[in-house]
Amino acid sequence: MSKLKALIFDVDGTLADTERDGHRPAFNRAFAEAGLDWDWSVELYGELLSVTGGKERILYYIDRHRPKLPGEDVSEFVADLHAAKTRHYVRLLEEGGIPLRPGVKRLLGEARDKGLRLAIATTTTPANVMALLEANLPGGASWFDAIGAGDIVPAKKPAPDIYRHVLRELALSPENCLAIEDSAHGLHSALGAGVPTLVTVNGYTADQDFSGALLVLDQLGEPGAPFRVLAGQARGAAYVDAGLLCALFAAG
Ligand code: XBP
Ligand code: MG
């Protein structure tokens, strides 16, 4: 395998566990604000997460659960609802509601110290990325050479578009990069662009199929708080650091 030059991080579920207690309540607050009696439970949201993109997820919900919606222009209705949801979500992040997952801040710092470039490839709305970083890593957005997010590409994950976009922004080949993802959609998107991928699962994705991943863990881990290996070889490591990632690459 080639030399590792950059780490490309997914956001939701990877940098932070944002879906259950972040995006989901933000959607529900937007629905209530619009006078809708829609309420996405933790369980229903797990079903809806099969669709990436908040606007696409609302459309899927309408199609599957609320087909009798008044015949107004649904796309405009959904766009307005999603904009309200994003306002609620950003506010929730600004209130410090969602911390970074274990090991994320440490790994970002180590990667920079080791001269690895950093990037983000996510389906979520750009404002959400900036709010999450600012709340947890003030000024941290400048650590990333490329931030590919939301509607910047025509097709969202599992399509490879967002990873291909970030690779172009980095001017790097996929084999010089490592993606860090949380979901099967994210893994397929990265692999579709030829980017080797490490997966850290979460409550919504633990049972998904991660065939093709370099390594599947329950989290990145911290010194004294080891990860659990779910698939692949961790070479005796107890937490993910830049050294392990470079060793995984060197092993080929
Ligand atoms: C996860 C998504 C996003 C979020 C909601 O993105 O699919 O749609 O669930 O954010 P990723 P928006 O795992 O690629 O970070 O409502 O802004 O889409
Ligand atoms: Mg994700």
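Each ligand, and each atom within it, is numbered from 1 in the order the structure gives.
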Counting heavy atoms only, which part of [X] comes closer than 4.0 Å to ligand 1: side chain, backbone, both or neither?
X    : result
H185 : neither
N128 : side chain
H82  : side chain

Hey, could you give me the [atom1]/[atom2] distance between [X] and [Y], rounded to the nearest 0.5 Å?
X    : Y    : atom1 : atom2 : value
Y45  : H23  : OH    : NE2   : 6.0 Å
R24  : L49  : CZ    : CG    : 10.5 Å
I180 : D10  : CD1   : CG    : 10.0 Å
E169 : H165 : CD    : NE2   : 4.0 Å
H82  : R87  : NE2   : CZ    : 11.0 Å
W143 : L137 : CH2   : CG    : 4.0 Å

Can you check which of G54, G13, A16 brings a heavy atom nearest to atom 18 (O) of ligand 1? G54
Can you check which of K157, R57, R24 brings a heavy atom nearest to atom 2 (C) of ligand 1?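 Ranked by closest heavy atom to atom 2 (C) of ligand 1, first place is R57.
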Look at D218 together with R101 and state whether they make a salt bridge at an N to O cut-off of under 4.0 Å.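 Salt bridge flag = no for R101 with D218.
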Salt bridge check: are E110 and K114 linked by an N-O gap of less than 4.0 Å?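 Salt bridge between E110 and K114, a charged N being under 4.0 Å from a carboxylate O: no.
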Just by distance, do the side chain of [X] and the backbone of [Y] share a donor-acceptor pair under 3.5 Å?
X    : Y    : value
T205 : D182 : yes
T123 : T52  : no
E222 : G103 : yes
R117 : L170 : yes

[atom] - nearest protein heavy atom and its distance:
atom                    : answer
atom 6 (O) of ligand 1  : D12 OD2, 3.3 Å
atom 17 (O) of ligand 1 : T125 OG1, 2.6 Å
atom 8 (O) of ligand 1  : G53 N, 3.0 Å
atom 11 (P) of ligand 1 : D10 OD1, 2.9 Å
atom 10 (O) of ligand 1 : T124 OG1, 2.8 Å

Ligand-residue contact atoms, ligand 1 with [X], heavy atoms, under 4.0 Å:
X    : result
V11  : 15 (O)
E19  : 1 (C), 2 (C), 4 (C), 9 (O)
T122 : 6 (O), 11 (P), 14 (O), 15 (O)

Among the heavy atoms of K156, does any lie under 4.0 Å from an atom of ligand 1? no
Do F31 and W40 have their ring centres less than 6.0 Å from each other?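 Centroid separation for F31 and W40: below 6.0 Å.
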Ignoring waters, protein N/O/S atoms under 2.8 Å from the Mg ion (ligand 2) are D10 OD2, D12 O, D182 OD1
